[in-house]
Amino acid sequence: MPQIGLVSAVNLRVQGNSAYLWSSRSSLGTESQDVCLQRNLLCFGSSDSMGHKLRIRTPSATTRRLTKDFNPLKVVCIDYPRPELDNTVNYLEAALLSSSFRTSSRPTKPLEIVIAGAGLGGLSTAKYLADAGHKPILLEARDVLGGKVAAWKDDDGDWYETGLHIFFGAYPNMQNLFGELGIDDRLQWKEHSMIFAMPNKPGEFSRFDFPEALPAPLNGILAILKNNEMLTWPEKVKFAIGLLPAMLGGQSYVEAQDGLSVKDWMRKQGVPDRVTDEVFIAMSKALNFINPDELSMQCILIALNRFLQEKHGSKMAFLDGNPPERLCMPIVEHIESKGGQVRLNSRIKKIELNEDGSVKCFILNNGSTIKGDAFVFATPVDILKLLLPEDWKEIPYFQKLEKLVGVPVINVHIWFDRKLKNTSDNLLFSRSPLLSVYADMSVTCKEYYNPNQSMLELVFAPAEEWINRSDSEIIDATMKELAKLFPDEISADQSKAKILKYHVVKTPRSVYKTVPGCEPCRPLQRSPIEGFYLAGDYTKQKYLASMEGAVLSGKLCAEAIVQDYELLLGRSQKMLAEASVVSIVN
């Protein structure tokens, strides 16, 4: 398989009247350099987002020129081929669950299922219920799809997003979803590396490169062993010994660590604090927007297990454009093609109950009522708690939700007046006290591509102390941190790169805060209230607070409803008969 895929953008340096492309990658798989260069030229020239066409010289001519005047061009945006994910155990397990909806017996009377929330959890629930032959009615409070992956277009036509979203190879349900919708090509896969900034060496980075030739876990082990800038050999050995129980104990051991924070677990295993400081502050903030003294170790171990057990588990992809149009709309079109409905601007004001405590209908802000055969709440847990009926609050299933609280997060977008050089076509871990991860989206994403100006998208976390501060304060603090990451290009006073514009998106309650002791409080998708179900990444599923967790929760919710079909149909027919009797009597 060739190592070079679609060239999406290059940093061009013109010599004379010609522009030359040079790649430092020496491994071109089974194809010749001529073939790879020709394919890249074709891909580049035919791309709608490109502003340049390249004249590619033959490799020999290029070699002669570079030998004479060595001034190589830096390829700053290369899309890699989709990794081989389809034969992994987790992918096949996810595919089997997906197929169960398409192959299940067609309902004699399709159920109308009312779903609150058109984030990934609600969209997934509706999609798989539609696949099973039912009629979902999906209600979204806002005028935009996506929930925590929502995005908006400003007056200049530029998009700004709720968060910086990365699609891992270890997201089997998400990868299946892309395949089922026929949109696999919308993921831009990046080089299999994890890149960390070096705070003690401003402007420099340290890499963990996963070799393509090795299987898991050897590729991950070698990536760690080859990095000598962040961890010393004694620290690597102590960390490896500390991880042994997790690798040998499997999922049961991982779940048992829910009661310990990352920092406490590391100390218990004899892992030096410097390992936590060098690696796991950045990882904790990337996974849950909080520091390792707060984050449950279960969250880290789940990620490490997936990354170490699957060859491409930690390989990352960016969506090729804004999530509402490029990901959410294909799901909506699929739902509607099967008879389902998706309604925006449909905010729920109240959950109205029957006398037996079951759901009668959802009452919207405009006073209208939405009835159905079953009801799903696929909103963030904090919204569910606000709308929870009083009669339900003493039920243990719902009482446990009090422990689950959304974590605040801020997403920052800054457009600069120039193309920044000290960046990469990948996700970058800032290791800043205020910032989590960031990316130059003008390089990593086709729709946002700009050959002349950079747009940095950054996750500002932990954000609890900043969520109520002004946008200008947040931007000033961000620029001070960026001056350390780009010492030659950015200064806090904008005497170097200047800000053209910015957007700050605040989410006071994002994914649930995965602190120790949360796991027993996460609810199953089937509630004790007959006909009422939950979906969302906070519900019980093995991928915690993530896009993958949201999609899987929707599948599990749909599965529960399909399993309860006869019960729900009988209940609906009984209520209809009772309503008819009352109508006749009156």
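Here the structure is a predicted model, which means the values were calculated and not measured. Hydrogens, waters and symmetry mates are skipped; everything else that's a heavy atom, side chains included, is used.
- A salt bridge does not link Lys480 with Asp476: none of the charged nitrogens is closer than 4.0 Å to a carboxylate oxygen.
- The closest side-chain heavy-atom distance from Phe416 to Ser442 is not below 4.5 Å.
- Here the closest heavy-atom approach between residue Glu180 and residue Ser98 is recorded as OE2-OG, 2.6 Å.
- Without hydrogens or angle criteria, Glu548 side chain to Asn173 main chain gives a donor-acceptor distance under 3.5 Å.
- Under 3.5 Å, the side chains of Ser430 and Glu481 contain no donor-acceptor pair of N or O atoms.
- Each of Arg326, Arg186, Lys446 was evaluated against Asp320; a single residue qualifies, Arg326, per the side-chain hydrogen bond (donor to acceptor under 3.5 Å, both in side chains) test.
- Between the side chains of Tyr448 and Glu161, at least one donor N or O lies within less than 3.5 Å of an accepting N or O.
- Checked against Phe196 for a ring-ring contact (aromatic ring centres under 6.0 Å, His included), the options Tyr438, Phe280, Phe429 give a single hit: Phe429.
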Should Glu278 and Met198 be marked as a side chain to side chain contact (heavy atoms under 4.5 Å, CB included) after you check the CA-CA gap, both sets of side-chain angles, and the distance that decides it?
-> CA-CA 9 Å; Glu278 289 293 298; Met198 300 290 286; 5.6 Å; no
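- Looking at Ile137, Leu123, Leu129, Leu139 one by one, the single match for side chain to side chain contact (heavy atoms under 4.5 Å, CB included) with Ile115 turns out to be Leu129.
- Side-chain N or O atoms of Asn322 include none that pairs as donor or acceptor with a backbone N or O of Trp159 at under 3.5 Å.
- When every heavy atom of Pro81 is checked against every heavy atom of Trp189, the shortest pair comes out as O-CB, 4.1 Å.
- Between the side chain of Asp537 and the backbone N or O of Gly549 there is no donor-acceptor pair closer than 3.5 Å.
- In this structure, the side chains of Lys315 and Glu191 stay at 4.5 Å or more apart for every pair of heavy atoms.
- One distance of note links CG of Leu287 with OG of Ser436; it measures 8.5 Å at 0.5 Å rounding.
- Looking only at side-chain heavy atoms (C-beta outward), Met455 and Asp158 stay at 4.5 Å or farther from each other.
- Taken from CG in Leu177 to OH in Tyr171, the straight-line distance is 13.5 Å, to the nearest 0.5 Å.
- Between the side chains of Glu489 and Asn422, no donor N or O sits under 3.5 Å from an acceptor N or O.
- At a threshold of 4.5 Å between non-hydrogen side-chain atoms, the residues Asp79 and Lys190 count as touching.
- Side-chain contact between Met230 and Phe208 is present, with at least one heavy-atom pair separated by less than 4.5 Å.
- Here the shortest heavy-atom pairing between Ala477 and Trp466 reads CB-CH2, 3.5 Å.
- When atom types are taken as modelled, the side chain of Arg522 and the backbone of Cys518 share no donor-acceptor pair closer than 3.5 angstrom.
- The residues Lys263 and Glu294 are annotated as not salt-bridged, no charged nitrogen and carboxylate oxygen being separated by less than 4.0 angstrom.
- Between Tyr538 and Phe377 the shortest heavy-atom distance is OH-O, 4.5 Å.
- Atom CG of residue Leu97 and atom CG of residue Asn176 lie 9.0 Å apart, to the nearest 0.5 angstrom.
- Considering every non-hydrogen atom in both Ala550 and Leu120, the closest pair reads CB-CB, 4.0 Å.
- Judged by distance alone, the side chain of Lys285 and the main-chain N or O of Ser432 form a donor-acceptor pair under 3.5 Å.
- With values rounded to the nearest 0.5 angstrom, Asp440 atom CG is found 12.5 Å from Leu427 atom CG.
- No side-chain heavy atom of Thr162 sits less than 4.5 Å from a side-chain heavy atom of Val149.
- Shown here is Glu464, whose CD atom has no more than 12 heavy atoms of other residues, nucleotides or ligands within 6.0 Å.
- Here the CG-CG distance, from Leu420 to Leu482, works out to 8.5 Å after rounding to the nearest 0.5 Å.
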Criterion side chain to side chain contact (heavy atoms under 4.5 Å, CB included) on Val504 and Lys506, from CA distance to verdict = CA-CA 6 Å; Val504 175; Lys506 298 177 180 178; 4.2 Å; yes
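- Side-chain atoms of Arg431 never come within 3.5 Å of backbone atoms of Val279 as a donor-acceptor pair (strictly under, hydrogens ignored).
- Between Gln541 and Ser553, the side chains place no donor N or O within less than 3.5 Å of an acceptor N or O (distance only, hydrogens not considered).
- Residues Ala170 and Glu310 share a closest heavy-atom pair of CA-OE1, 3.6 Å.
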Worked check of side chain to side chain contact (heavy atoms under 4.5 Å, CB included) between Met297 and Val262 | CA-CA 4 Å; Met297 188 61 194; Val262 175; 3.9 Å; yes
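- Between the side chain of Ser510 and the main chain of Thr507, no donor-acceptor pair closer than 3.5 Å is present.
- Relative orientation of the Phe178 and Phe167 rings is perpendicular, given thresholds of 30° and 60° on the angle between their planes.
- The ring-ring contact (aromatic ring centres under 6.0 Å, His included) test with His192 is passed by exactly one of Phe210, Phe168, Phe307: Phe210.
- Residues passing the side chain to side chain contact (heavy atoms under 4.5 Å, CB included) test with Ala197 are Phe205, Leu485, sequence neighbours excluded.
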Test log, rule side chain to side chain contact (heavy atoms under 4.5 Å, CB included), inputs Ile348 and Thr379 | CA-CA 11 Å; Ile348 294 172; Thr379 69; over 6 Å; no
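- Judged purely by atom type and a 3.5 angstrom limit, Asn288 has no side-chain atom pairing as donor or acceptor with the backbone of Ser284.
- Between the CD1 atom in Ile281 and the OG1 atom in Thr276 there is a gap of 7.5 Å [rounded to 0.5 Å].
- In this structure, Asp209 contributes its side chain and Ala223 its backbone to no donor-acceptor pair below 3.5 Å.
- The closest side-chain heavy-atom distance from Met441 to Leu164 is below 4.5 Å.
- For the pair Met479/Ile490, a side-chain contact is recorded, criterion being any heavy-atom separation below 4.5 Å from C-beta on.
- Not a single donor-acceptor pair under 3.5 Å links the side chain of Asp131 to the backbone N or O of Phe101.
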